[in-house]
There are 2 protein chains.
Amino acid sequence: MTVEDKNQVLKDQAIEIFKAGLRAVDPKAAIKSYCGLNDSGILTIGDREYDLNSYKRLLVIGAGKAGAPMAAAFEEICGDRIEGGLINVKYDHLDDLSRVKIVEAGHPVPDENGQKGSESIMEIAAQAQEDDLIICLISGGGSALLPMPAEGLTLADKQDSIKTLLSCGATIHEINAIRKHTSAVKGGRLALTAHPATTVSLILSDVVGDDLDVIASGPTVPDPSSFAYCMEVIEKYKIMDKLPPAAADYIQRGAKGDIPETPKSDDPIFQKTQNLVIGCNMEAVLAAKAEAEKLGFTTVVLSSMIEGETSEVAKVHGAIAKEIVKTGFPAKPPVCIISGGETTVTITGNGLGGRNQHFAIEAAIDIAGLDNVAILCAGTDGTDGPTDAAGAVVDGMTLENAQQAGISAKAYAADNDAYHFFDKVGGLIKTGPTNTNVMDLRLVLVGSE
Amino acid sequence: MTVEDKNQVLKDQAIEIFKAGLRAVDPKAAIKSYCGLNDSGILTIGDREYDLNSYKRLLVIGAGKAGAPMAAAFEEICGDRIEGGLINVKYDHLDDLSRVKIVEAGHPVPDENGQKGSESIMEIAAQAQEDDLIICLISGGGSALLPMPAEGLTLADKQDSIKTLLSCGATIHEINAIRKHTSAVKGGRLALTAHPATTVSLILSDVVGDDLDVIASGPTVPDPSSFAYCMEVIEKYKIMDKLPPAAADYIQRGAKGDIPETPKSDDPIFQKTQNLVIGCNMEAVLAAKAEAEKLGFTTVVLSSMIEGETSEVAKVHGAIAKEIVKTGFPAKPPVCIISGGETTVTITGNGLGGRNQHFAIEAAIDIAGLDNVAILCAGTDGTDGPTDAAGAVVDGMTLENAQQAGISAKAYAADNDAYHFFDKVGGLIKTGPTNTNVMDLRLVLVGSE
C-alpha cells in the first residue's frame with residue numbers, strides 16, 4: 001500500500017471509531033440501554049426497580065436539547081402506562097410523541113416559552129402525589145431550557161445577575177451558586193416540589209466531569225452551595241450594587257433565613273430521588289475504545305475531561321503521535337489514543353469553523369510529514385460551531401496536500417477558518433445533527449509499519 | 001494515614017523519581033555509559049569500536065553548557081591518550097581538565113570569546129589528518145557557543161539576519177536553514193573541515209525530538225536544507241532588502257553555486273562521521289519510568305516531545321489525573337504518568353518564576369480537592385527561569401493550604417510569580433545547577449486508595 005492508501009485506511013477507521021462512540025450516546029439508545037419494562041409491570045432503571053402497579057401515575061417531565069428523542073424512547077418502553085407530562089426542548093428539536101407534550105423554547109438564551117413550559121412542569125411536580133412516579137429527562141441545554149426565576153424575580157433579573165457575575169470574573173462554581181439561588185427550579189428545587197412523589201432523573205451529561213449538580217444546574221440534585229455562600233461571592237466581588245435589586249434582595253433575605261434553602265444531600269426528599277447518568281463523554285470514549293480494539297488497535301484512554309485552549313491541546317495530542325511513531329510510547333502501533341471533553345478557542349480571525357475543526361487543522365500542522373498517522377476530532381452533537389460538520393480528520397500529508405494546492409493551513413488556522421480549509425482539501429466529517437451532546441471525541445491513530 | 005501524609009509520601013516519591021531521571025542524563029554518567037576503553041586500546045563508543053592504536057592522535061573539541069563535565073568524563077576514560085583539544089563552554093561552567101583546553105564564552109548571546117574559540121576549534125579540525133580521531137562534544141547552548149560566521153560575514157551580520165527572520169514570523173525550520181547557510185561551522189561544515197579525519201560527535205540533546213541537524217545546528221550532521229531553500233525563504237518573506245548586505249550577498253552567491261553547499265547525507269565524508277545522542281529527554285523519562293516502577297507504580301509515558309502553552313498543557317495533565325481518580329483510565333492507581341519536552345509561557349505579569357513552576361501552580365489549580373494526587377514539573381538543568389529552583393511539586397491540597405494562608409494561586413499565576421507562591425506555601429524543588437539540560441520532566445502520581 002502507498003502512504004496515501006495507508007493514511008486513508010486509518011482515516012476511515014477513525015471515522016468508524018467515532019461513529020461507534022456516537023451510537024453509544026444516542027438519546028434513544030441510551031434510554032433503552034438503561035430502562036426496561038417487563039410483562040409484570042416492573043420498570044427497571046439502572047440498578048433499581050419500580051413496580052408500576054404500585055404507582056398511581058407515571059409522569060414524564062424534563063428539559064434539554066435531547067428531550068424529544070429521550071421521551072420518544074421512554075414512550076416506546078412504557079407506552080400508555082405513561083399518564084402524561086411535558087418537556088421543554090429547543091426549537092425544532094422534535095420527535096413523534098403520543099403521551100408527553102412538547103414545548104419549544106429558546107436556547108442558549110431562555111425565552112418566555114421556556115418560562116411558561118417550566119411553570120407547567122413545576123405545576124405537574126407540585127400536583128404529584130406520594131404514589132406518583134415522575135421521570136425527569138435532562139440533557140444538554142437543560143439549564144437555559146428550564147428557566148423559572150425565584151418568586152419576585154423576572155427572567156431579566158436572573159440573566160442580568162449572571163451577566164454581572166461574568167463581567168467581574170467570577171468562577172463557574174460561583175456563578176452556579178447564584179444561578180441556583182435565584183431560581184425556583186434549579187439546585188434541587190424541582191425534586192423538592194415533586195416531593196412526596198418518587199422522582200427519577202435520566203441524565204445525558206454535556207458537562208466535563210459529569211457533576212450531577214452542575215448538569216442543567218441540578219434540578220433534582222442536592223445543592224452543595226447556599227445563600228450564605230452567595231453572599232460571600234457578592235461581597236468578594238463587591239457587586240451588591242451591581243445586581244438587579246430584586247436579585248440582591250432575594251439573596252439577602254435567603255441569607256437571613258427568610259427563604260428556605262435549596263435542599264442539601266441529607267434532605268430526606270432525596271431518599272425518593274434517583275439521579276442516573278445514562279449518557280456521558282466516557283460512554284462514548286468507551287464505545288470508541290471497544291470499536292478500536294475490534295479493529296485491532298491497542299487503545300489508551302487519555303481522559304474524558306480534557307479542557308483548554310484548542311491549539312495547545314492539539315499540540316499535546318500531536319506530541320503523543322510523534323512519540324508513538326518514534327519510540328512506541330505510550331503504546332506500540334497499531335494504537336488508538338482516545339480523549340474526550342471540550343476545548344475552547346480564543347478567536348483571532350473571521351473565518352468559519354468550530355473547536356473540533358480548529359483542533360484538526362492544528363493537529364495537521366503538528367503531525368505534518370508523519371506517515372501512518374491520522375487524527376480525528378469531532379463533536380458528538382454533529383454540529384461543530386456554526387457549521388454543518390461535526391469535525392474533521394487529518395493525516396501527516398494533509399499539510400503538504402494543502403500546500404500543493406496553494407492553501408496555507410497556518411493562515412486558515414489564524415483566521416479561524418478551518419471549515420473552508422477542510423472544505424477545499426477534504427477531511428470534514430458530516431454526520432448531521434445527532435440530537436445528543438456529550439461533548440467531543442478526539443482520536444489519534446497510528447498504524448503499524 | 002491522613003490525606004496530608006499520603007500526599008506527602010506521593011510528593012516525596014515524585015521527587016525521587018525526578019532525581020532518578022536526572023541521574024540518567026548527568027553529563028559524566030552519560031559519557032561513561034556510552035564510552036569505554038579496554039586495556040588493548042579499543043575505544044567503544046555506542047555500538048562502534050575505535051582501535052586507538054590505529055589512530056595517530058585523539059583530539060577533543062566541542063561546544064555547549066555541559067562541555068566541561070563531558071570532557072572531564074572523557075578524560076577519565078582516555079587519559080593521556082588524548083593529544084589535546086579545545087571546547088567552548090558558557091562562563092563559569094567549568095570542570096578540572098588536564099588535556100583539553102576550555103574557552104569560556106557568551107551564552108545565549110554569542111561573543112568574541114566564542115568566535116575566537118570557534119576559530120581555534122576549526123583550526124584543530126582543519127589540521128586533522130586521515131589517521132586522527134576527533135571527539136566532538138555537543139550539548140545545550142552549542143549553537144550560541146560555537147559562533148563562526150561564513151567568510152565575509154561578521155557576527156553582527158549573522159545575528160541581524162536571525163533577528164530579521166524572527167521579526168517576519170519565519171518558522172524555526174526556516175531560521176535554521178539561514179543560520180546554517182551563514183555559518184562556517186554549522187550544518188555539517190565542521191565535519192567537512194575535519195575530513196579526512198574520523199569524527200565522532202557525542203551529543204546531549206536539548207531539542208524536542210532530538211533531530212541531530214537541529215541540536216547546536218548540527219556541525220557534524222548532514223544538512224537537509226540548501227542555499228536554494230534559503231532564497232525561497234527570503235523571497236517568501238520579501239526580506240532581501242532587510243538582511244545585512246553581506247549575508248544577502250553570501251546566500252545569493254551560494255544559490256548561484258559560487259559557494260560550496262553544506263554537506264548532504266550522501267556525502268562520503270559522513271562515512272567517517274558518527275553522531276551519537278548520549279543523553280536526551282527520553283533517557284530521563286525512561287529512568288524516571290524505571291524508578292516509578294521500582295516504587296510500585298504502573299507507568300504511562302505520554303510523550304517526551306510535549307510543547308505548548310504551559311497553562312494549557314497543565315490542564316491536560318490535570319484532566320488525566322482527574323480521570324485516573326474517577327475511572328482508572330488510562331491506568332489504575334498507583335499510577336505515574338510521565339511526560340517530557342519543553343513548554344512555553346506567555347508572560348502576563350511581573351513576578352518571578354519559570355515554565356516548570358508555572359506548570360506546577362496551574363496544575364495545583366486543576367487538581368484542587370483531589371486526594372492522593374501529586375504533580376511535579378521540573379527542568380533537568382536545575383534552574384527554572386531566572387530562579388534557584390528546578391521546578392515545584394504540588395498536591396490536591398496545595399490550593400486550599402494557600403487559601404488558608406491568604407494566598408491566591410490564581411493571582412500568583414496571573415502575575416507569573418510562581419516562585420514566590422511556592423516559596424510561601426512550600427513545594428519548590430532545589431537541586432542546584434545540574435550541568436546538564438535535556439529539557440523538562442513532568443510527573444503525575446496517583447496513589448492507590
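Both backbone and side-chain heavy atoms feed into the values below; hydrogens, waters and symmetry mates do not. Order of the sequence lines sets the chain letters (A, B, ...), proteins ahead of strands, with each chain counted from 1.
Proximity of A:Val444 to A:Ile367: side-chain heavy atoms (C-beta onward) are nowhere separated by under 4.5 Å. Taking the side chain as every heavy atom from C-beta outward, A:Ile17 and A:Leu376 never approach each other to under 4.5 Å. Taking 4.5 Å as the limit, some side-chain heavy atom of A:Ile324 sits within range of a side-chain heavy atom of A:Ile337. Contact annotation: the side chain of A:Ile175 approaches that of A:Leu166 to within less than 4.5 Å [non-hydrogen atoms, C-beta and beyond].
Scored by the side-chain contact (heavy atoms from CB on, under 4.5 Å) test, A:Ala284 finds A:Val25, A:Val438, A:Leu441 as partners (sequence neighbours excluded).
Residues A:Gly379 and A:Phe18 approach most closely at O-CZ, 3.6 Å, considering heavy atoms. Taking every heavy atom of both residues into account, B:Gly341 and B:Val208 meet most closely at CA-CG2, 4.4 Å.
Heavy-atom pairs under 4.5 Å with chain A peak, among B:Ile306, B:Ile338, B:Val285, at B:Ile306. Comparing B:Ala319, B:Gly209, B:Ala314 by heavy-atom pairs within less than 4.5 Å of chain A, the highest count is held by B:Ala319.
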Which N or O donor-acceptor pairs, by atom type, sit under 3.5 Å across chain A and chain B?
{"residue": "A:Gly209", "atom": "O", "partner": "B:Lys326", "partner atom": "NZ", "Å": "2.7"}
{"residue": "A:Asp210", "atom": "OD2", "partner": "B:Lys326", "partner atom": "NZ", "Å": "3.3"}
{"residue": "A:Ser303", "atom": "OG", "partner": "B:Ala319", "partner atom": "O", "Å": "2.8"}
{"residue": "A:Ser304", "atom": "N", "partner": "B:Glu323", "partner atom": "OE1", "Å": "2.7"}
{"residue": "A:Ser304", "atom": "OG", "partner": "B:Glu323", "partner atom": "OE1", "Å": "2.6"}
{"residue": "A:Glu309", "atom": "N", "partner": "B:Glu312", "partner atom": "OE1", "Å": "2.6"}
{"residue": "A:Glu312", "atom": "OE1", "partner": "B:Glu309", "partner atom": "N", "Å": "2.6"}
{"residue": "A:Ala319", "atom": "O", "partner": "B:Ser303", "partner atom": "OG", "Å": "2.8"}
{"residue": "A:Glu323", "atom": "OE1", "partner": "B:Ser304", "partner atom": "N", "Å": "2.7"}
{"residue": "A:Glu323", "atom": "OE1", "partner": "B:Ser304", "partner atom": "OG", "Å": "2.6"}
{"residue": "A:Lys326", "atom": "NZ", "partner": "B:Gly209", "partner atom": "O", "Å": "2.7"}
{"residue": "A:Lys326", "atom": "NZ", "partner": "B:Asp210", "partner atom": "OD2", "Å": "3.3"}

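Only the side chain of B:Val300 comes within less than 4.5 Å of a heavy atom in chain A; its backbone stays farther off.
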